[in-house]
Amino acid sequence: MNRPVRIIGNYLSPYVRKVLVCLQLKGIDYEIDPIAPFVGDERFSRISPLRRVPVLIDGDLTLNDSTVICQYLEDRQPQPALYPADIADRARARWLEEYADSLLGDVIVWRMFYQIGVKRLLFNEATNEEVVRKAREEELPAALDYLEPQMPESGFLFGDVSIADIAIACFLRNAALVRYQVDTQRWPRTAQWLKRMLALPAFQSLAVYENHMLRVPVQQQRQALAAIGAPLTADTLGNAAPRRSVMRLE
(Lines give C-alpha, C1' and ligand atoms only; values in the text may rest on other atoms or scores of the structure.)
Protein backbone atom coordinates (compact mmCIF):
# COMPACT_ATOMS: atom_id res chain seq x y z
CA MET A 1 0.00 0.00 0.00
CA ASN A 2 1.80 3.14 -1.18
CA ARG A 3 -0.85 5.70 -0.30
CA PRO A 4 -2.28 6.03 3.20
CA VAL A 5 -5.56 4.29 3.83
CA ARG A 6 -8.34 6.43 5.24
CA ILE A 7 -9.98 5.53 8.52
CA ILE A 8 -13.27 7.07 9.62
CA GLY A 9 -13.68 6.73 13.36
CA ASN A 10 -12.79 8.08 16.77
CA TYR A 11 -9.53 7.23 18.54
CA LEU A 12 -11.53 6.41 21.68
CA SER A 13 -13.47 3.62 20.00
CA PRO A 14 -12.03 0.15 20.77
CA TYR A 15 -13.16 -1.03 17.34
CA VAL A 16 -11.24 1.80 15.69
CA ARG A 17 -8.27 1.20 17.99
CA LYS A 18 -8.16 -2.45 16.90
CA VAL A 19 -7.76 -1.41 13.27
CA LEU A 20 -5.21 1.30 14.06
CA VAL A 21 -3.07 -1.12 16.07
CA CYS A 22 -3.12 -3.56 13.15
CA LEU A 23 -2.12 -0.77 10.76
CA GLN A 24 0.76 0.28 12.99
CA LEU A 25 2.02 -3.26 13.55
CA LYS A 26 2.00 -3.84 9.80
CA GLY A 27 3.63 -0.48 9.06
CA ILE A 28 0.74 0.77 6.92
CA ASP A 29 0.29 4.53 6.82
CA TYR A 30 -3.15 5.94 7.48
CA GLU A 31 -5.02 9.21 7.72
CA ILE A 32 -8.00 9.51 10.03
CA ASP A 33 -11.23 11.44 10.32
CA PRO A 34 -11.62 10.95 14.10
CA ILE A 35 -15.37 11.41 14.38
CA ALA A 36 -17.74 9.87 16.85
CA PRO A 37 -20.33 7.98 14.77
CA PHE A 38 -23.12 9.92 16.46
CA VAL A 39 -22.09 13.16 14.71
CA GLY A 40 -21.57 11.73 11.23
CA ASP A 41 -23.33 13.56 8.41
CA GLU A 42 -25.30 12.09 5.50
CA ARG A 43 -22.09 11.18 3.67
CA PHE A 44 -21.19 9.07 6.68
CA SER A 45 -24.60 7.37 6.54
CA ARG A 46 -23.98 6.43 2.91
CA ILE A 47 -20.66 4.70 3.60
CA SER A 48 -21.68 3.30 7.02
CA PRO A 49 -25.33 2.20 6.78
CA LEU A 50 -25.35 1.11 10.44
CA ARG A 51 -23.74 4.45 11.41
CA ARG A 52 -20.89 2.65 13.13
CA VAL A 53 -17.12 3.00 13.04
CA PRO A 54 -14.56 2.16 11.83
CA VAL A 55 -14.83 2.58 8.10
CA LEU A 56 -11.76 1.92 5.95
CA ILE A 57 -11.37 3.52 2.53
CA ASP A 58 -8.56 2.18 0.36
CA GLY A 59 -8.80 3.67 -3.11
CA ASP A 60 -12.13 2.56 -4.54
CA LEU A 61 -12.74 0.05 -1.75
CA THR A 62 -14.87 0.93 1.28
CA LEU A 63 -15.15 -1.55 4.14
CA ASN A 64 -17.15 -1.58 7.37
CA ASP A 65 -16.67 -3.60 10.56
CA SER A 66 -13.35 -3.90 12.38
CA THR A 67 -13.13 -7.68 11.93
CA VAL A 68 -13.64 -7.45 8.17
CA ILE A 69 -11.13 -4.60 7.95
CA CYS A 70 -8.43 -6.41 9.97
CA GLN A 71 -8.82 -9.56 7.88
CA TYR A 72 -8.49 -7.44 4.73
CA LEU A 73 -5.30 -5.86 6.04
CA GLU A 74 -3.91 -9.32 6.83
CA ASP A 75 -4.70 -10.53 3.30
CA ARG A 76 -3.25 -7.41 1.68
CA GLN A 77 -0.06 -7.44 3.77
CA PRO A 78 0.48 -10.88 5.34
CA GLN A 79 3.63 -9.92 7.27
CA PRO A 80 3.92 -9.52 10.12
CA ALA A 81 1.14 -12.06 10.57
CA LEU A 82 -1.51 -11.17 13.13
CA TYR A 83 -3.41 -14.45 12.80
CA PRO A 84 -1.77 -17.71 14.02
CA ALA A 85 -0.48 -20.08 11.35
CA ASP A 86 -1.91 -23.20 13.04
CA ILE A 87 -5.52 -23.60 11.92
CA ALA A 88 -6.79 -24.53 15.39
CA ASP A 89 -5.04 -21.56 16.99
CA ARG A 90 -6.31 -19.30 14.21
CA ALA A 91 -9.87 -20.44 14.89
CA ARG A 92 -9.42 -19.85 18.63
CA ALA A 93 -7.97 -16.40 17.94
CA ARG A 94 -10.97 -15.50 15.80
CA TRP A 95 -13.31 -16.71 18.53
CA LEU A 96 -11.58 -14.59 21.16
CA GLU A 97 -11.76 -11.61 18.81
CA GLU A 98 -15.50 -12.21 18.45
CA TYR A 99 -15.86 -12.61 22.22
CA ALA A 100 -14.18 -9.25 22.68
CA ASP A 101 -16.16 -7.48 19.96
CA SER A 102 -19.50 -8.87 21.10
CA LEU A 103 -19.51 -9.46 24.84
CA LEU A 104 -16.81 -7.02 25.95
CA GLY A 105 -18.26 -4.53 23.49
CA ASP A 106 -21.71 -4.77 25.04
CA VAL A 107 -20.43 -4.56 28.61
CA ILE A 108 -17.58 -2.07 28.34
CA VAL A 109 -18.65 0.16 25.46
CA TRP A 110 -22.43 0.35 25.74
CA ARG A 111 -23.01 -0.30 29.45
CA MET A 112 -20.01 1.60 30.79
CA PHE A 113 -18.24 3.96 28.36
CA TYR A 114 -21.42 5.06 26.56
CA GLN A 115 -23.44 5.39 29.75
CA ILE A 116 -20.80 7.32 31.67
CA GLY A 117 -19.52 9.58 28.89
CA VAL A 118 -21.27 9.66 25.52
CA LYS A 119 -24.85 9.58 26.78
CA ARG A 120 -24.27 12.51 29.10
CA LEU A 121 -21.91 14.62 27.02
CA LEU A 122 -23.48 14.22 23.57
CA PHE A 123 -27.14 13.65 24.35
CA ASN A 124 -27.45 15.43 27.70
CA GLU A 125 -29.10 12.38 29.24
CA ALA A 126 -28.59 10.95 32.70
CA THR A 127 -26.40 7.91 33.19
CA ASN A 128 -28.31 4.75 34.09
CA GLU A 129 -26.37 4.01 37.24
CA GLU A 130 -27.84 0.53 37.65
CA VAL A 131 -26.69 -0.47 34.17
CA VAL A 132 -23.19 0.76 35.02
CA ARG A 133 -23.17 -0.96 38.41
CA LYS A 134 -24.21 -4.30 36.98
CA ALA A 135 -21.62 -4.04 34.23
CA ARG A 136 -18.78 -3.20 36.65
CA GLU A 137 -19.71 -5.56 39.48
CA GLU A 138 -21.22 -8.55 37.68
CA GLU A 139 -20.88 -8.69 33.90
CA LEU A 140 -17.28 -7.61 33.37
CA PRO A 141 -15.96 -9.74 36.26
CA ALA A 142 -17.74 -12.76 34.74
CA ALA A 143 -16.07 -12.05 31.40
CA LEU A 144 -12.66 -11.77 33.07
CA ASP A 145 -13.28 -15.03 34.91
CA TYR A 146 -13.70 -16.66 31.48
CA LEU A 147 -10.54 -15.08 30.06
CA GLU A 148 -8.21 -15.59 33.03
CA PRO A 149 -7.45 -19.34 32.61
CA GLN A 150 -6.72 -18.80 28.91
CA MET A 151 -4.15 -16.09 29.51
CA PRO A 152 -0.43 -16.99 29.22
CA GLU A 153 1.93 -16.69 32.15
CA SER A 154 4.27 -14.75 29.87
CA GLY A 155 4.18 -13.40 26.34
CA PHE A 156 0.96 -13.39 24.36
CA LEU A 157 -1.95 -15.70 23.69
CA PHE A 158 -0.52 -17.53 20.68
CA GLY A 159 3.18 -16.77 20.93
CA ASP A 160 3.43 -13.60 18.86
CA VAL A 161 0.91 -10.78 19.21
CA SER A 162 -2.30 -11.81 17.46
CA ILE A 163 -5.68 -10.36 16.59
CA ALA A 164 -7.03 -11.97 19.77
CA ASP A 165 -4.55 -10.08 21.97
CA ILE A 166 -5.26 -6.85 20.13
CA ALA A 167 -9.05 -7.12 20.32
CA ILE A 168 -9.25 -7.97 24.01
CA ALA A 169 -6.70 -5.31 24.99
CA CYS A 170 -8.56 -2.65 23.01
CA PHE A 171 -11.70 -3.15 25.07
CA LEU A 172 -9.91 -3.37 28.39
CA ARG A 173 -8.21 -0.09 27.50
CA ASN A 174 -11.68 1.48 27.35
CA ALA A 175 -12.50 -0.06 30.71
CA ALA A 176 -9.46 1.74 32.10
CA LEU A 177 -10.71 5.01 30.59
CA VAL A 178 -13.78 4.73 32.83
CA ARG A 179 -11.55 3.84 35.81
CA TYR A 180 -11.99 0.10 35.87
CA GLN A 181 -8.78 -1.72 36.71
CA VAL A 182 -8.24 -5.45 36.30
CA ASP A 183 -7.73 -6.78 39.82
CA THR A 184 -4.22 -8.23 40.04
CA GLN A 185 -5.26 -10.60 42.83
CA ARG A 186 -8.35 -12.06 41.19
CA TRP A 187 -7.07 -12.05 37.60
CA PRO A 188 -3.25 -12.02 37.85
CA ARG A 189 -2.53 -13.48 34.41
CA THR A 190 -4.93 -11.10 32.69
CA ALA A 191 -3.54 -8.09 34.56
CA GLN A 192 0.07 -8.89 33.64
CA TRP A 193 -0.82 -9.73 30.05
CA LEU A 194 -2.73 -6.45 29.71
CA LYS A 195 0.25 -4.55 31.09
CA ARG A 196 2.44 -6.12 28.39
CA MET A 197 -0.09 -5.31 25.67
CA LEU A 198 -0.59 -1.69 26.62
CA ALA A 199 3.19 -1.22 26.79
CA LEU A 200 3.52 -2.04 23.09
CA PRO A 201 4.54 1.01 21.01
CA ALA A 202 1.37 0.73 18.92
CA PHE A 203 -0.82 1.14 22.00
CA GLN A 204 1.46 3.74 23.58
CA SER A 205 1.41 5.99 20.53
CA LEU A 206 -2.38 5.84 20.29
CA ALA A 207 -2.72 6.56 24.01
CA VAL A 208 -1.17 9.99 23.40
CA TYR A 209 -4.08 10.92 21.12
CA GLU A 210 -6.67 9.24 23.33
CA ASN A 211 -5.55 11.00 26.49
CA HIS A 212 -5.47 14.33 24.70
CA MET A 213 -9.04 13.87 23.44
CA LEU A 214 -10.34 13.15 26.93
CA ARG A 215 -9.27 16.63 28.04
CA VAL A 216 -11.36 18.61 25.56
CA PRO A 217 -15.06 18.76 24.51
CA VAL A 218 -16.11 16.66 21.51
CA GLN A 219 -16.47 19.75 19.33
CA GLN A 220 -12.82 20.70 19.93
CA GLN A 221 -11.23 17.29 19.58
CA ARG A 222 -10.27 17.54 15.91
CA GLN A 223 -8.52 20.87 16.48
CA ALA A 224 -6.74 19.47 19.54
CA LEU A 225 -5.54 16.43 17.60
CA ALA A 226 -4.26 18.62 14.77
CA ALA A 227 -2.22 20.60 17.27
CA ILE A 228 -0.31 17.48 18.37
CA GLY A 229 0.28 16.17 14.85
CA ALA A 230 -2.34 13.44 14.43
CA PRO A 231 -2.52 12.23 10.79
CA LEU A 232 -5.87 13.85 10.04
CA THR A 233 -7.82 13.82 6.78
CA ALA A 234 -8.21 17.12 4.95
CA ASP A 235 -11.98 17.10 5.51
CA THR A 236 -14.42 15.59 7.98
CA LEU A 237 -17.78 13.82 7.91
CA GLY A 238 -18.46 14.85 11.49
CA ASN A 239 -20.35 18.10 11.23
CA ALA A 240 -23.90 16.92 11.94
CA ALA A 241 -25.97 17.33 15.09
CA PRO A 242 -25.68 14.28 17.38
CA ARG A 243 -27.96 11.36 16.60
CA ARG A 244 -27.96 7.72 17.53
CA SER A 245 -26.97 4.68 15.55
CA VAL A 246 -29.70 2.71 13.83
CA MET A 247 -28.82 -0.04 16.34
CA ARG A 248 -30.80 0.02 19.59
CA LEU A 249 -29.02 1.38 22.65
CA GLU A 250 -30.11 1.29 26.28
Side-chain angles (χ1 to χ4, degrees), residues 4-21 23-24 29-57 62-66 69 105-106 108-129 131-132 135 170-171 173-180 203-250:
V5 300
R6 174 173 290 205
I7 301 296
I8 312 298
N10 196 283
Y11 277 111
L12 297 177
S13 162
Y15 299 98
V16 174
R17 186 182 299 114
K18 181 170 70 162
V19 170
L20 296 179
V21 169
L23 287 168
Q24 293 203 36
D29 291 334
Y30 71 90
E31 58 181 19
I32 187 169
D33 183 7
I35 67 168
F38 310 101
V39 298
D41 59 20
E42 289 307 314
R43 294 173 296 167
F44 176 69
S45 294
R46 287 194 291 272
I47 64 173
S48 181
L50 298 180
R51 292 186 61 80
R52 292 241 174 145
V53 293
V55 179
L56 176 141
I57 301 172
T62 298
L63 292 175
N64 302 92
D65 187 86
S66 63
I69 292 169
D106 283 346
I108 295 172
V109 176
W110 299 116
R111 298 174 197 169
M112 294 171 65
F113 194 80
Y114 175 82
Q115 283 286 340
I116 294 169
V118 176
K119 190 176 183 182
R120 178 172 54 87
L121 296 175
L122 273 184
F123 298 109
N124 197 30
E125 295 177 1
T127 297
N128 187 326
E129 298 293 349
V131 168
V132 176
C170 283
F171 286 94
R173 164 66 174 156
N174 271 70
L177 294 178
V178 289
R179 297 178 179 169
Y180 185 97
F203 277 94
Q204 289 284 298
S205 62
L206 293 175
V208 173
Y209 300 136
E210 296 162 10
N211 293 336
H212 208 69
M213 292 177 71
L214 291 170
R215 302 189 186 105
V216 297
V218 173
Q219 298 82 357
Q220 300 173 22
Q221 286 178 353
R222 184 179 176 90
Q223 182 179 0
L225 287 169
I228 60 171
L232 303 182
T233 55
D235 61 345
T236 181
L237 307 182
N239 294 319
R243 59 169 162 161
R244 289 172 173 80
S245 162
V246 299
M247 308 296 283
R248 182 180 178 275
L249 301 177
E250 295 180 0

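Note that the CG atom of Leu50 and the CG atom of Asp65 stand 9.0 Å from one another [nearest 0.5 Å]. Atom CZ of residue Phe44 and atom CD1 of residue Ile35 lie 4.5 Å apart, to the nearest 0.5 angstrom. Taking OH of Tyr209 as the reference point, atom CG of Asn10 lies at 14.0 Å (rounded to 0.5 Å). One finds the CD1 atom of Ile69 at 9.0 Å from the NZ atom of Lys18 (value rounded to the nearest 0.5 Å). Here the straight-line distance linking atom CD1 of Ile116 with atom CG of Asn128 works out to 11.0 Å at 0.5 Å rounding. Distance CG/Leu23 to OH/Tyr30: 7.5 Å, rounded to 0.5 Å.
Without hydrogens or angle criteria, Arg43 side chain to Thr236 main chain gives a donor-acceptor distance under 3.5 Å. Asn174 places a side-chain N or O within donor-acceptor distance of the main-chain N or O of Leu12, the cut-off being under 3.5 Å. With hydrogens and angles ignored, the 3.5 Å screen pairs a side-chain donor or acceptor of Thr127 with a backbone N or O of Gln115.
Scanning for side chain to side chain donor-acceptor pair (under 3.5 Å) contacts around Ser45 gives Arg51, Arg243, with sequence neighbours left out. Under the rule for a salt bridge (Lys or Arg N to Asp or Glu O under 4.0 Å), the partners of Asp33 that lie at least two apart in sequence or sit in another chain are Arg222.
Residues Phe171 and Val109 approach most closely at CE2-CG2, 3.8 Å, considering heavy atoms. The two residues Val53 and Ser13 have their closest heavy-atom pair at CG2-OG, 4.1 Å. Here the shortest heavy-atom pairing between Val55 and Ser48 reads CG2-CB, 3.8 Å.
For the pair Cys170 and Phe203, the minimum side-chain heavy-atom distance is below 4.5 Å. Using a 4.5 Å cut-off on side-chain heavy atoms (C-beta onward), Val216 and Gln223 make no contact. Side-chain contact between Met213 and Leu225 is present, with heavy atoms from C-beta onward closer than 4.5 Å. Taking 4.5 Å as the limit, some side-chain heavy atom of Leu232 sits within range of a side-chain heavy atom of Pro34. The shortest side-chain heavy-atom distance between Leu177 and Leu214 falls under the 4.5 Å cut-off. Counting only heavy atoms from C-beta outward, the side chains of Leu20 and Tyr11 approach each other to under 4.5 Å. The shortest side-chain heavy-atom distance between Ile57 and Ile47 falls under the 4.5 Å cut-off. A heavy-atom distance below 4.5 Å is found between the side chains of Gln24 and Ser205.
Sorted by first and then second residue, the salt bridge (Lys or Arg N to Asp or Glu O under 4.0 Å) pairs involving residues 6-17 (not counting sequence neighbours) are Arg6-Glu31, Arg6-Asp235, Arg17-Glu210.
For the side-chain contact (heavy atoms from CB on, under 4.5 Å) criterion with Val5, the lone passing option out of Asp29, Ile32, Leu56 is Leu56.
Under the 30°/60° scheme for interplanar angles, the aromatic rings of Trp110 and Phe38 are found to stand perpendicular.
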